[in-house]
Amino acid sequence: MSSEEFEKLQEIFKSLYDELKLMPDRLLKCQGEEKKRLVRTFDERHGEAVEVLQGMEQELIGVPSSYRNAMSTRLRLFRRDLGKLQREVKSSDLSSTSSTRPAEGAYGIYSSQNEHSTQLQSQRALLIQGHEHLNNASQSIERSQRIAAETDQIGVDIIEELGEQREQLDRTRDRVSGIGTLWRHKALIGKLWRHKALIGKLWRQGSDWEALET
């Protein structure tokens, strides 16, 4: 499916439509078998135009949303114009003489069927658009859920990192506390050694005095 195929079908439809739009005036000017033949020709061309519109509708599937919206609008206008032509031909046929009324009845049944088919195609196009909107909404929800999950994971990672940093701080604090205790122990030992040295010095001095007195 591609926009190029849509454009090709559009050209075919325009060609059929240009032929169809001449028929209402021609129907007003003819009678009898000629009018019946013209009505049959209109029915055939109208059926072909409806099939082309159906093909154009199929081309709406799989094209980018931005281009699909423009093509959907164009397709609705084509259906509207085709329906208008159909009503004009029906009106022209109804205004004919009583001798042409049997063909009119046959055409009226076919015309009603074509109108119903056109309505169904319009509803189908709306369903396609609705389906596309639902898909877009689902994709938006999926993106939101993915972003929320990623955000949760980032939060978990941050919490884990903060926990690791706290453990590092606790270990650093324990090491600093241990170093402080070690220095206090060293200072106490140094103080004890100084006291011991002082006591030893005093003891030696006392021994020297006793030796002098003797």
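- Partners of Glu34 according to the salt bridge (charged side-chain N to carboxylate O under 4.0 Å, His left out) rule, which considers only residues two or more places apart in sequence or in another chain, do not exist here.
- Scanning all heavy atoms of the two residues, the minimum distance from Phe42 to Gln86 falls at CZ-CA, 4.0 Å.
- Taken from CE in Met23 to CG in Asp43, the straight-line distance is 9.5 Å, to the nearest 0.5 Å.
- Glu7 and Gln10 form a side-chain donor-acceptor contact under 3.5 Å, judged by distance and modelled atom types alone.
- By the side chain to side chain contact (heavy atoms under 4.5 Å, CB included) test, Ile12 is found to be paired with Leu9, Leu16, Val52, residues two or more places apart in sequence or in another chain being considered.
- Nearest approach of Lys35 to Cys30, heavy atoms of both residues: CD-O, 3.5 Å.
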Could you walk me through whether Glu48 and Arg45 pass the salt bridge (Lys or Arg N to Asp or Glu O under 4.0 Å) check?
CA-CA 5 Å; Glu48 293 174 3; Arg45 297 294 182 270; 3.8 Å; yes
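- Partners of Gln165 under the side chain to side chain contact (heavy atoms under 4.5 Å, CB included) rule, at least two apart in sequence or in another chain, are Glu161, Leu162.
- Across every non-hydrogen atom of Leu60 and Met71, the tightest pair is CD2-CB, 3.5 Å.
- Atom CD of residue Glu57 and atom CZ of residue Phe6 lie 10.0 Å apart, to the nearest 0.5 angstrom.
- With sequence neighbours excluded, the residues that form a side chain to side chain contact (heavy atoms under 4.5 Å, CB included) with Asp18 are Lys21.
- In this structure, Glu5 CD and Met56 CE are separated by 12.0 Å, a value rounded to the nearest 0.5 Å.
- Taking 4.0 Å as the cut-off between side-chain N and carboxylate O, Arg68 and Glu59 do not count as a salt-bridged pair.
- Rounded to the nearest 0.5 angstrom, Ile61 CD1 and Gln58 CD are separated by 4.5 Å.
- Take Lys29 and apply the side chain to side chain contact (heavy atoms under 4.5 Å, CB included) test, not counting sequence neighbours, and it matches no residue.
- Listed for the Thr73 side chain is a donor-acceptor partner under 3.5 Å among the backbone atoms of Asn69.
- Here the CG-CG distance, from Leu82 to Leu77, works out to 12.5 Å after rounding to the nearest 0.5 Å.
- One finds the CZ atom of Phe13 at 4.5 Å from the CG atom of Leu53 (value rounded to the nearest 0.5 Å).
- Counting Ile, Leu, Val, Met, Phe, Trp and Tyr side chains that sit under 4.5 Å apart, directly or through other members, Ile189 shares a hydrophobic cluster with Trp193.
- Minimum heavy-atom separation, His46 to Leu20: N-CD2, 3.8 Å.
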